[in-house]
Amino acid sequence: MDDEEKNQIEGDSRARWAFGILFALGVFAGVSLLLVVSHVILSQREGTRRERCEYNLLQLYRATCEYVDAYGTYPPAYTIDSEGSPLHSWRVLLLPYLGGEELYSQIRLNEPWDSEWNSQFWDKTPSLFQCSSIPVHTESGSANLDKTKRCSFSCVLGTSTLFAKNGKPVFPDEVVDGVSNTVMYVERRDPVNWMNPQDELTEEQVLNENELPTTQRRGFGSWHGAGGYVLLADGSTRFLSEKIDSAVLKLLLNIDDSKVIEKTNDSSVDLDLEEKK
């Protein structure tokens with residue numbers, strides 16, 4: 001083999017090596033670009049879902065205001081029968097103010113939410129009570145969302161919250177802390193039956209779960225990130241960080257502690273994120 005043939009072989013080898021490197025770099029760049037594009041698309045989709053939940057909360061605020069105008073009180077957490085047993089959730093009471101007059105007219109309010117007749121409406125969850133960020137499938141790909149449990153918004157039951165544990169309605173003048181300092185509705189990670197009057201978050205549960213990372217919570221929180229949206233009684237929405245101090249959160253939940261919640265830049269008290277009206 002003469003020198004010219006050796007040079008030709010070496011040249012071909014270098015060319016193949018260079019082509020292989022360029023091909024690998026091209027594949028890497030393509031995969032990287034695909035990952036970036038996918039991340040952007042997913043981020044945009046999640047941003048849209050977050051906006052949808054904020055919109056839903058604002059519609060619930062509007063409906064609640066109409067209820068207050070009609071009855072002079074905030075809706076009770078649930079209605080009760082003559083023996084004091086829970087009948088229907090506050091969500092059912094808001095139906096006429098959410099464009100759900102037809103569904104409302106079909107529900108038998110004098111019967112419990114789980115009566116044979118009323119149970120037919122369990123899977124009729126109005127879209128305003130749903131969060132599209134909740135995972136619909138398991139890792140195996142099988143359906144994992146109970147059609148009768150799609151409600152992602154809750155009131156908070158307590159002795160001094162906007163929704164009393166005993167089901168009694170709260171009057172507007174009882175909110176002595178001011179509506180801008182009082183939580184009305186919150187997001188929840190585990191969806192529930194929208195008609196169930198007994199499956200609400202309690203103040204104790206909210207404060208206890210607030211000590212946990214959002215991913216470890218079952219109730220108070222969301223699928224939007226490290227925290228969740230709340231609706232205040234003045235109609236503004238806030239994304240409360242999972243790092244919010246429980247003492248501050250308790251002040252927001254109560255209606256009569258006579259303390260004003262001040263905005264702060266402290267990372268542990270994230271009250272001023274994405275406020276909207």
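Side-chain contact between T202 and Q205 is present, with heavy atoms from C-beta onward closer than 4.5 Å. Side-chain contact check for V183 versus L232: some heavy-atom pair is nearer than 4.5 Å. By the 4.5 Å heavy-atom criterion applied to side chains, C155 and L157 are counted as neighbours. With contacts defined as side-chain heavy-atom distances shorter than 4.5 Å, the pair D257/S160 does not qualify. Residues L207 and L253 meet the side-chain proximity criterion, which asks for heavy atoms closer than 4.5 Å. With contacts defined as side-chain heavy-atom distances shorter than 4.5 Å, the pair N110/L87 does not qualify. Residues I107 and V92 form a side-chain contact, since some pair of their non-hydrogen atoms from C-beta on lies under 4.5 Å apart. Within the 4.5 Å cutoff, the side chain of V170 has heavy atoms near those of the I255 side chain.
Residues satisfying the ring-ring contact (aromatic ring centres under 6.0 Å, His included) criterion with W194, sequence neighbours excluded, are absent altogether. In this view, N196 and W113, N193, Q198, D199 satisfy the side chain to side chain contact (heavy atoms under 4.5 Å, CB included) rule, not counting sequence neighbours. Looking at residues two or more places apart in sequence or on another chain, you find no ring-ring contact (aromatic ring centres under 6.0 Å, His included) involving Y78. By the ring-ring contact (aromatic ring centres under 6.0 Å, His included) test, F171 is found to be paired with no residue, residues two or more places apart in sequence or in another chain being considered. Partners of Y97 by ring-ring contact (aromatic ring centres under 6.0 Å, His included), not counting sequence neighbours: none found. Evaluation of the side chain to side chain contact (heavy atoms under 4.5 Å, CB included) rule for S152 yields C131, I134, P191 as partners, not counting sequence neighbours. S127 meets the side chain to side chain contact (heavy atoms under 4.5 Å, CB included) test with R52; sequence neighbours excluded. Listed by chain and number, the residues in a side chain to side chain contact (heavy atoms under 4.5 Å, CB included) with E242 are P213, T214, R217, A226 (sequence neighbours excluded). Not a single salt bridge (Lys or Arg N to Asp or Glu O under 4.0 Å) links K124 to another residue, sequence neighbours left out. In this view, E211 and S246 satisfy the side-chain hydrogen bond (donor to acceptor under 3.5 Å, both in side chains) rule, not counting sequence neighbours.
No single ILVMFWY cluster, assembled from side-chain heavy atoms under 4.5 Å apart, contains both V192 and W122. I80 is not connected to L93 by any chain of hydrophobic side-chain contacts under 4.5 Å among Ile, Leu, Val, Met, Phe, Trp and Tyr, and they are in different clusters. Put simply, L249 and L201 are part of the same group of oily side chains (I, L, V, M, F, W, Y) that touch within less than 4.5 Å, one to the next. Side-chain heavy atoms closer than 4.5 Å link hydrophobic residues (I, L, V, M, F, W, Y) into clusters, and following such links, possibly through other members, connects M184 to L128.
No side-chain donor-acceptor contact under 3.5 Å links R189 to the backbone of G219. Checked by atom type and distance alone, the side chain of T64 pairs as donor or acceptor with a backbone atom of L60 at under 3.5 Å. For N118 (side chain) and R108 (main-chain N/O), a donor-acceptor pair under 3.5 Å exists by modelled atom type. Put simply, the side chain of N166 gets close to the backbone of K168: a donor and an acceptor are under 3.5 Å apart. Judged purely by atom type and a 3.5 angstrom limit, D177 uses its side chain to pair as donor or acceptor with the backbone of D256. Distance alone, capped at 3.5 Å, is enough to place a donor-acceptor pair between the N208 side chain and the E204 backbone. A donor-acceptor pair under 3.5 Å links the side-chain atoms of S119 to the main chain of E116, judged by distance alone. In this structure a side-chain-to-backbone donor-acceptor pair under 3.5 Å is present from H88 to E111.
The hydrophobic cluster around L212 extends to none of the other residues, as no ILVMFWY side-chain heavy atom falls under 4.5 Å of it.
Residue C151 holds its SG atom at 12.0 Å from CE of M195, rounded to the nearest 0.5 Å. One distance of note links CG of D190 with CZ of F220; it measures 12.5 Å at 0.5 Å rounding.
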CA sep, side-chain torsions, deciding dist, call: S154, E200, side-chain hydrogen bond (donor to acceptor under 3.5 Å, both in side chains) = CA-CA 6 Å; S154 177; E200 300 291 347; 2.7 Å; yes
Step by step, would you call F153 with V186 a side chain to side chain contact (heavy atoms under 4.5 Å, CB included)?
-> CA-CA 6 Å; F153 297 109; V186 302; over 6 Å; no
Verdict with reasoning, N254 to T161, per side chain to side chain contact (heavy atoms under 4.5 Å, CB included) | CA-CA 5 Å; N254 292 336; T161 62; 4.2 Å; yes
Could you walk me through whether R91 and F129 pass the side chain to side chain contact (heavy atoms under 4.5 Å, CB included) test, one step at a time?
-> CA-CA 8 Å; R91 304 178 194 91; F129 294 129; 3.5 Å; yes
Walk me through it: do L252 and I244 pass the test side chain to side chain contact (heavy atoms under 4.5 Å, CB included)?
-> CA-CA 11 Å; L252 285 171; I244 184 173; 4.3 Å; yes
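Side chains of Y61 and T237: a donor-acceptor N/O pair is absent below 3.5 angstrom, by distance only.
Listed by first then second residue, pairs satisfying salt bridge (Lys or Arg N to Asp or Glu O under 4.0 Å) with a partner in residues 63-87 read R62-E66, not counting sequence neighbours.
Looking at every heavy atom in both residues, L94 comes nearest to A63 through CD2-O, 3.9 Å. Listed here is the closest heavy atom pair of P197 and P86: CG-CB, 3.8 Å.
A ring-centre distance under 6.0 Å is found for Y185 and W90. Checked against the 6.0 Å centroid criterion, the rings of F239 and Y229 qualify as a close aromatic pair.
Classification of E209 and R188 as a salt-bridged pair fails, no side-chain N sitting under 4.0 Å from a carboxylate O. With salt bridges taken as basic N to acidic carboxylate O contacts below 4.0 Å, none links E187 and R50.
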